[in-house]
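Okay, so here's the structure we're looking at.
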Amino acid sequence: MMDVKRREFLRLAGLGATLGIGGKTLYEVVKGDEVLASTAHETHEGTRWAMVIDTRKCVVHDCEDCIAACHKTHNVPTFEDPKRVIKWIWREEFKGAFPDQNHMFMGDEVTDKTVPILCNHCDNPPCVKVCPTGATFKRKDGIVTMDMHRCIGCRYCVVGCPYGARSFNWSDPREAIKDIDPAFPTRCKGVVEKCNFCADRLSLDKDPACMEACPYKAITFGNLGDKESPVRAALKGKYTIRRKQGLGTGPSVFYIV
Amino acid sequence: MLEKALQGSKRYWTWLFVVIGFITAGVIAFLYQLQEGLGVTGMSRDVPWGLYIAQFTFLVGVAASAVMVVLPYYLHNFKAFGKITILGEFLAIPAVILCMMFIFVDMGQPMRVMNVPLHPTLNSMMFWDFMSLGGYLFLNILITRVVFSAEMKGIAPPKWIKPVIILSIPWAISIHTVTAFLYSGLSGRSFWLTAILAPRFLASAFSAGPAILILLCLLIRKISKFDPGDAAIRKLSEIVAYAMAVNVFFVALEFFTALYSDIPHHVEHFRYLYFGIGNATALVPWAWASAILSLGAMILLLVPKTRQNFSLLPWICVMVVVGLWIDKGINLIITGFVPNPVGGVTEYAPTFPEIMVTLGVYFIGIFILTILYKVAITVKEAEAA
């Protein structure tokens with residue numbers, strides 16, 4: 001879990017370094033030897049939870065089992081109005097999910113399909129950088145999560161996320177949940193929420209709900225820092241892409257196309 | 001000092017009651033929003049900030065623009081501004097308070113506002129905005145209090161206040177710079193990801209703010225015995241002219257970089273704003289109205305004959321204020337969200353409760369402005385008599 005003392009220390013260290021950028025100071029941002037290496041500073045040791053989605057197994061089916069399982073497990077409310085909708089994981093057109101990878105000569109088998117997208121649990125998360133209260137934070141294991149009681153509902157994280165992964169509760173979400181699962185907390189109106197990489201289930205040694213629910217075994221989950229982990233095996237020898245990698249956020253969700 | 005606001009003409013009291021009426025309507029709308037959640041506004045998952053944050057952005061500029069009278073007077077000893085520095089500072093105070101209130105009404109959980117100072121998060125620009133706005137409000141209250149009570153007693157202000165006034169100048173620049181940083185540091189929002197945003201904010205602020213001040217000066221001249229003076233108003237109109245020209249130039253720079261580089265996710269926002277995407281054209285009339293008003297005002301201001309015409313000047317100032325208000329108080333914020341991060345187009349239009357809350361907040365500012373200006377005018381009238 002999160003080391004409060006360390007965060008406290010980093011914050012104070014930031015005072016001396018004038019502007020801390022999400023744990024990084026401006027100096028740490030500019031220093032370094034590598035060129036063209038937006039990925040060079042990404043965490044690759046210790047624990048960094050990651051997901052690999054094999055879209056070849058996924059796009060051929062119009063299945064939403066992962067979405068249903070996720071939203072049920074986490075008491076995600078169902079608002080029909082697209083302006084008010086709350087989603088932790090959902091299907092998006094390929095060109096929307098990967099605007100930089102899209103071209104007009106791509107086969108219909110790719111462009112006509114939708115891919116599941118969710119919070120990328122970035123190694124360098126913009127949402128954490130902008131949050132004015134520390135309500136959104138990155139854990140030592142790479143999971144970007146939230147303290148719902150500290151969130152003031154300013155929606156700066158919704159604005160800062162380049163992936164549209166965050167949803168705000170425009171009204172009381174409890175009225176829009178069919179069967180509340182008492183195992184997971186509900187939220188109140190006026191706070192932001194998003195995928196938590198099933199931090200709750202991981203602490204019970206369970207796999208993420210979306211992965212467990214996928215009938216086609218399209219989702220792999222594991223620790224990027226562990227060379228023997230299933231995600232490292234899934235990434236090896238295959239060409240994988242990440243969403244908007246050029247922004248330097250270091251997404252922890254990989255896609256096999 | 002404030003006791004001077006308790007005596008006034010029938011017209012003064014009638015005006016205050018009208019103002020309080022709007023405030024009451026706004027409070028009722030806000031309580032409704034508090035009860036139901038921000039879903040009563042037109043904001044959405046794709047356009048998570050709307051009228052409230054846009055007003056905040058516009059008003060930070062109005063607050064910062066006090067520096068345009070303070071700087072010439074205190075650094076260049078421009079005497080004609082001696083009479084109106086207090087008007088500039090008394091405009092800045094309600095403007096900063098308005099900024100804070102617009103952030104407050106925009107919060108999903110306003111009761112938790114103290115979480116910002118309780119959990120200071122230095123990597124967030126919003127934290128710095130809180131700090132710089134609070135500091136600026138404190139500086140302006142301190143300065144006006146000290147300088148103005150000395151003026152009321154007919155004595156020179158204490159020497160120690162001079163460095164505080166000098167400090168308020170860079171501080172004013174800082175509040176609008178940090179406000180621009182709220183937007184211009186976001187990797188995923190191409191429309192705002194431009195280093196010219198802070199200078200552009202300052203230029204439009206230094207045009208709109210003094211234009212509001214000119215309108216207030218002309219109004220004061222009409223309804224009271226205090227005359228801010230032709231020289232001050234003329235100089236202000238020159239400032240408005242220069243700042244508007246610089247603002248138009250900065251906007252042109254934005255066009256060049258976005259359109260010549262032709263990077264799709266930079267161009268798309270401009271396309272949405274000026275031409276619309278498909279059926280989504282809500283901002284197009286606003287965009288052209290703002291462009292025409294700003295360009296028209298710029299030309300009328302640059303030509304000495306029209307700028308110096310005192311019966312034309314208020315109309316030019318209205319063009320400046322409306323043109324720049326549309327730009328910052330609507331277009332600049334909303335356009336940043338269209339298209340959304342996955343290429344979807346969701347439009348925004350404020351709802352009735354949202355407009356009532358916005359008006360209510362504005363009228364709280366107008367109430368404070370009325371009280372402060374009443375005090376200033378009463379003292380200035382006594383001095384002149």
Side-chain angles (χ1 to χ4, degrees), chain A residues 11 14-15 17-24 79 81-87 92-93 95-97 99-100 102 117 126 128-135 149-156 158-172 188-192 244 246-249, chain B residues 33-49 53 103-104 106-130 181-183 185-190 192 264-265 268 333 336-337 339-344 346-348:
Chain A
R11 182 185 298 156
L15 252 180
T18 62
L19 275 179
I21 302 290
K24 270 200 233 172
F79 290 108
D81 183 353
K83 286 190 163 186
R84 307 278 179 250
V85 72
I86 310 248
K87 38 195 184 184
E92 193 65 59
E93 281 179 51
K95 67 168 193 244
D100 294 337
N102 184 47
I117 60 174
V128 172
K129 188 156 62 177
V130 299
C131 177
T133 61
H149 301 281
R150 198 185 280 189
C151 176
I152 59 172
C154 70
R155 309 185 295 294
Y156 199 8
V158 184
V159 178
C161 175
Y163 304 104
R166 289 176 160 269
S167 307
F168 179 74
N169 284 289
W170 297 98
S171 57
D172 186 1
C188 62
K189 69 167 186 270
V191 296
V192 173
K244 299 186 182 174
L247 299 181
T249 54
Chain B
Q33 176 187 300
L34 205 58
Q35 174 76 23
E36 298 295 317
L38 281 166
V40 304
T41 70
M43 294 185 275
S44 60
R45 193 180 194 279
D46 287 345
V47 188
W49 285 346
I53 291 295
I103 296 182
F104 185 76
D106 187 66
M107 284 179 158
Q109 286 288 335
M111 294 76 79
R112 296 180 186 170
V113 63
M114 291 312 284
N115 279 2
V116 180
L118 283 174
H119 305 285
T121 309
L122 299 184
N123 41 267
S124 175
M125 286 301 125
M126 199 173 277
F127 166 76
W128 288 103
D129 223 11
F130 262 72
F181 283 0
L182 276 180
Y183 304 101
L186 304 176
S187 59
R189 303 286 178 181
S190 310
W192 305 322
H265 53 93
E268 276 156 7
I333 309 308
F337 297 117
N340 74 8
V342 290
T346 306
E347 291 210 282
Y348 162 84

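Since the model is a prediction, treat every value here as computed from it, not as a measurement. The chains referred to below are lettered A, B, ... by the order of the sequence lines, with proteins before strands, and numbering in each begins at 1.
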[X], part contacting chain A, at a heavy-atom distance under 4.5 Å:
| X | answer |
| --- | --- |
| B:Arg189 | side chain |
| B:Ile333 | neither |
| B:Phe104 | neither |
| B:Phe130 | neither |
| B:Asn115 | both |
| B:Met43 | both |
| B:Leu182 | both |
| B:Ser187 | both |

Residue among [options] with most heavy-atom pairs under 4.5 Å to chain A:
| options | result |
| --- | --- |
| B:Gly39, B:Gly37, B:Gly343 | B:Gly39 |
| B:Gly42, B:Gly108, B:Pro110 | B:Gly108 |
| B:His265, B:Arg45, B:Met126 | B:Arg45 |
| B:Val116, B:Val113, B:Asp106 | B:Asp106 |

| said: I'd like to check A:Arg166 versus B:Pro48 (side-chain heavy atoms, cut-off strictly below 4.5 Å). Are they in contact? | reply: no
| Less than 4.5 Å apart, any side-chain heavy atom of A:Tyr156 and any of B:Leu186? | yes
Between [X] and chain B, with a heavy-atom cut-off of 4.5 Å, which part of the residue counts as in contact: side chain, backbone, both or neither?
| X | result |
| --- | --- |
| A:Tyr163 | backbone |
| A:Cys131 | backbone |
| A:Lys95 | neither |

Most chain B-contacting option - heavy-atom pairs closer than 4.5 Å, from [options]:
| options | answer |
| --- | --- |
| A:Ile152, A:Asn169, A:Val130, A:Ile117 | A:Ile152 |
| A:Pro126, A:Ser167, A:Pro82, A:Ala97 | A:Ser167 |
| A:Asp172, A:Val158, A:Val159 | A:Val159 |

| field | Closest non-hydrogen atom pair between B:Phe127 and A:Pro132, with its separation | value | N-CB, 4.2 Å
